[in-house]
Amino acid sequence: MTLAETANNKISGNPFLNLNYERALEALGNDYYDEVTAAEFPQHTLRWRNNSLLSRLGLNPEDVTDEHFITAFGKFEGRKPLLALRYHGYQFGEYNPFLGDGRGFLYGQVRGTDGVLYDFGTKGSGKTPYSRGGDGMLTLKGGVREVLAAEALHHMGVRTSRCLSMIETGLSLWRGDEPSPTRSSVIVRMNRSHIRFGTFERLHYIRRPDLARKLLDHVIEQYYRYLVDEQEKYALFYRELVKRTAELVGQWMASGFCHAVLNTDNMSITGESFDYGPYAFIPSYQPNFTAAYFDYYGRYCYSHQPSICKWNLETLQESLKAIIEPSDMEAGLASFDEHYHHEYRSLMWKKLGFETINHPEALELLNLTIQFLQESKVEYHKFFYEMTRTFSFKWRDDPSLIMVNSEIVPVSGSSQLFDDWCIIYHKILNSFDTEQINAIAQTLIRYNPKTVILRPVIESIWEPIVQEDNWQPFYELLARIQSGE
């Protein structure tokens, strides 16, 4: 057997290369992408493999080796074409026509065992026609942060992309915010679609409504299939996109998550969260908390996320008006606030222990919760975890016993706001029977993990990687996230 034959057998035996890839986006034609070549890296060290995603691809983790990951998602052998997608976008409110996949590409599309079409998209895989002077690479810390964000959000119930793999590539990268060269990585993320608001904005910019309609038909067929035979399918699509986006923002807000860069090129046409750069989870309830150091005016601060996403949806209307009646889109957008508030309140009540709640003082309880969190400056995530840790049936007997064993809340009588909160929570608890109280305890556990990746937590696992190449704290943190601890 020749060396070439041996190599071919090695590739053909790779489970990732034997998946049934679909040409859904590729079949639309090259008006939407450019074929590109992946970078060649001096090193390939698999740092993360997401075994929990393999069953969705019909794969048994025991049958997939680290080398299979490296061959497919580090060396990019055996897959062609690789597609860099074209798009534009509004960045910090200003239109930018010089965008596109500048350090990634669409590796392939695969139908999961759940019947859903998934994209494999890379980040840090080299230069493309849209790199615009950049090197097309991803820092290792950037890869680590994206893996953590995606897993944390997923396990908090946020509709998000997830990382399938992260490979260290052996390059030394210079970045403006780093005093010395930093290590590099390439990740592959798996999500519903890499089609963005900005994909349609580009087609409007180049005056190709025919291509926009063709793409929208594709989006509806693949991701809104239940609308295909509807007479008003385009208007219904936009209405559903508004709903999905509003729900996503509600999930971010309840999770205490600040995306940081909500440009329209980072908004998914499927209403899914992806592309995690300078994100942060809020340490305490600070409406003006800003995650990106370069967001000088706080455009994308925590509390602005609902209004910004609504603005992005409104801006998208200009790119779709040749296909969808503007009045229909206006009517669809009018439902944004209702969908957002419904999702946000529902999730916040779950964080307070209530899967469903019909009590007349439920909204007052939620308002008091936010007021107390903001005024007291207690740790946002720890407050809810302490509720979970200290929850007791005795809370029904006396409101002064609520969270009495927690160090992060005021002692009874020292905070009128907290005392008022306890009185209403006590009153609501007494509207449930014993079996329902047990369910409240379980709901608290489900929606309030102990482990939250605040910035100091990320730094604590990054330091051992930098100093000792010690990845154990990183893996232990991921294990806690995935187990819901």
Side-chain angles (χ1 to χ4, degrees), residues 152-159 247 250-251 253-257 281 284-285 338-376 378-452 479-485:
L153 290 171
H154 170 72
H155 288 280
M156 286 177 148
V158 176
R159 192 164 53 240
E247 289 174 345
Q251 292 163 14
M253 297 297 286
S255 299
F257 179 75
F281 286 87
S284 59
Y285 190 87
E338 179 184 353
H339 291 307
Y340 164 70
H341 287 300
H342 180 271
E343 184 76 2
Y344 176 70
R345 290 168 180 169
S346 175
L347 290 171
M348 290 300 292
W349 281 319
K350 287 179 172 66
K351 291 181 72 65
L352 292 167
F354 308 112
E355 281 282 355
T356 58
I357 184 168
N358 298 309
H359 197 279
E361 292 180 274
L363 188 56
E364 184 177 357
L365 174 69
L366 182 52
N367 291 335
L368 280 174
T369 302
I370 299 302
Q371 289 177 43
F372 172 71
L373 288 170
Q374 185 169 358
E375 292 185 17
S376 68
V378 301
E379 293 183 38
Y380 179 81
H381 303 279
K382 193 168 185 179
F383 172 80
F384 294 104
Y385 175 72
E386 284 295 290
M387 279 192 69
T388 304
R389 186 183 69 81
T390 62
F391 185 77
S392 169
F393 276 75
K394 293 180 180 179
W395 291 9
R396 289 202 303 175
D397 301 332
D398 184 348
S400 67
L401 297 177
I402 295 177
M403 297 180 74
V404 69
N405 295 321
S406 173
E407 297 179 355
I408 71 161
V409 297
V411 296
S412 180
S414 65
S415 167
Q416 187 61 53
L417 188 57
F418 183 70
D419 290 346
D420 291 344
W421 181 88
C422 290
I423 288 170
I424 293 180
Y425 196 85
H426 166 262
K427 189 183 297 185
I428 292 175
L429 279 183
N430 277 284
S431 68
F432 293 95
D433 60 31
T434 301
E435 185 176 338
Q436 291 171 318
I437 295 294
N438 283 323
I440 289 171
Q442 292 305 308
T443 300
L444 284 167
I445 292 171
R446 179 181 175 188
Y447 288 95
N448 299 306
K450 179 180 180 180
T451 302
V452 179
R480 292 197 300 273
I481 290 171
Q482 291 183 326
S483 67
E485 290 184 12

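The structure displayed is predicted, hence computed values, not measured ones.
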| task | Check the pair E386, V409 against side chain to side chain contact (heavy atoms under 4.5 Å, CB included), reporting the backbone distance first and the verdict last. | result | CA-CA 9 Å; E386 284 295 290; V409 297; over 6 Å; no
When rounded to the nearest 0.5 angstrom, what is the spacing between [atom1] in [X] and [atom2] in [Y]?
X: L352; Y: L365; atom1: CG; atom2: CG; answer: 5.5 Å
X: I440; Y: F393; atom1: CD1; atom2: CZ; answer: 9.0 Å
X: W349; Y: L363; atom1: CH2; atom2: CG; answer: 5.5 Å
X: Q436; Y: E355; atom1: CD; atom2: CD; answer: 12.0 Å
X: M387; Y: K351; atom1: CE; atom2: NZ; answer: 10.0 Å
X: E375; Y: I370; atom1: CD; atom2: CD1; answer: 12.0 Å

Closest heavy-atom pair and its distance - [X], [Y]:
X: N430; Y: R396; result: ND2-O, 3.0 Å
X: L347; Y: A254; result: CB-CB, 3.7 Å
X: L366; Y: R345; result: CD2-CG, 3.6 Å
X: V378; Y: L373; result: CG2-CD2, 3.7 Å
X: H381; Y: S255; result: CE1-O, 2.9 Å
X: S406; Y: R389; result: CA-NH2, 4.1 Å

| Quick check, are the ring centers of F432 and F354 under 6.0 angstrom apart? | yes
| request: Taking the six-membered ring for Trp and the full ring for Phe, Tyr or His, determine whether the centres of F383 and F372 are under 6.0 Å apart. | output: yes
Flag if over 12 foreign heavy atoms under 6.0 Å of [atom1], [X]:
X: K382; atom1: NZ; result: no
X: H341; atom1: NE2; result: yes
X: D433; atom1: CG; result: yes

[X] (side chain) donor-acceptor with [Y] (main chain) under 3.5 angstrom:
X: Q251; Y: R159; answer: yes
X: T388; Y: L444; answer: yes
X: S392; Y: K394; answer: yes

| field | Polar contact flag, side-chain donor to acceptor under 3.5 angstrom, N438-Q442 | value |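 Note: N438 and Q442 side chains miss the donor-acceptor criterion.
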| Hey, are S431 and K427 close enough side-chain-wise for a donor-acceptor pair under 3.5 Å? |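 Looking only at side-chain atoms, S431 and K427 do not form any donor-acceptor pair under 3.5 Å.
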| task | Indicate the ring-plane relationship of Y380 and F384, choosing parallel, tilted or perpendicular according to the 30° and 60° boundaries. | result | perpendicular
| said: Would you call the rings of Y340 and Y344 parallel, tilted or perpendicular, taking 30° and 60° as the class edges? | reply: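 If you compare the ring of Y340 with that of Y344, the planes turn out parallel.
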| request: Answer yes or no: is there a side-chain heavy-atom contact under 4.5 Å between W395 and I437? | output: no
| said: Assess the residue pair F281 and L153 against the criterion (side chain to side chain contact (heavy atoms under 4.5 Å, CB included)); give the C-alpha distance rounded to whole Å, side-chain angles, the decisive distance to 0.1 Å, and a yes or no. | reply: CA-CA 10 Å; F281 286 87; L153 290 171; 3.7 Å; yes
| task | Apply the test side chain to side chain contact (heavy atoms under 4.5 Å, CB included) to residues L429 and F391: give CA-CA distance (whole Å), side-chain angles for both, the deciding distance (0.1 Å), then the verdict. | result | CA-CA 11 Å; L429 279 183; F391 185 77; 4.3 Å; yes
| Run the side chain to side chain contact (heavy atoms under 4.5 Å, CB included) check on L368 and Y425 step by step: do they pass? | CA-CA 10 Å; L368 280 174; Y425 196 85; over 6 Å; no
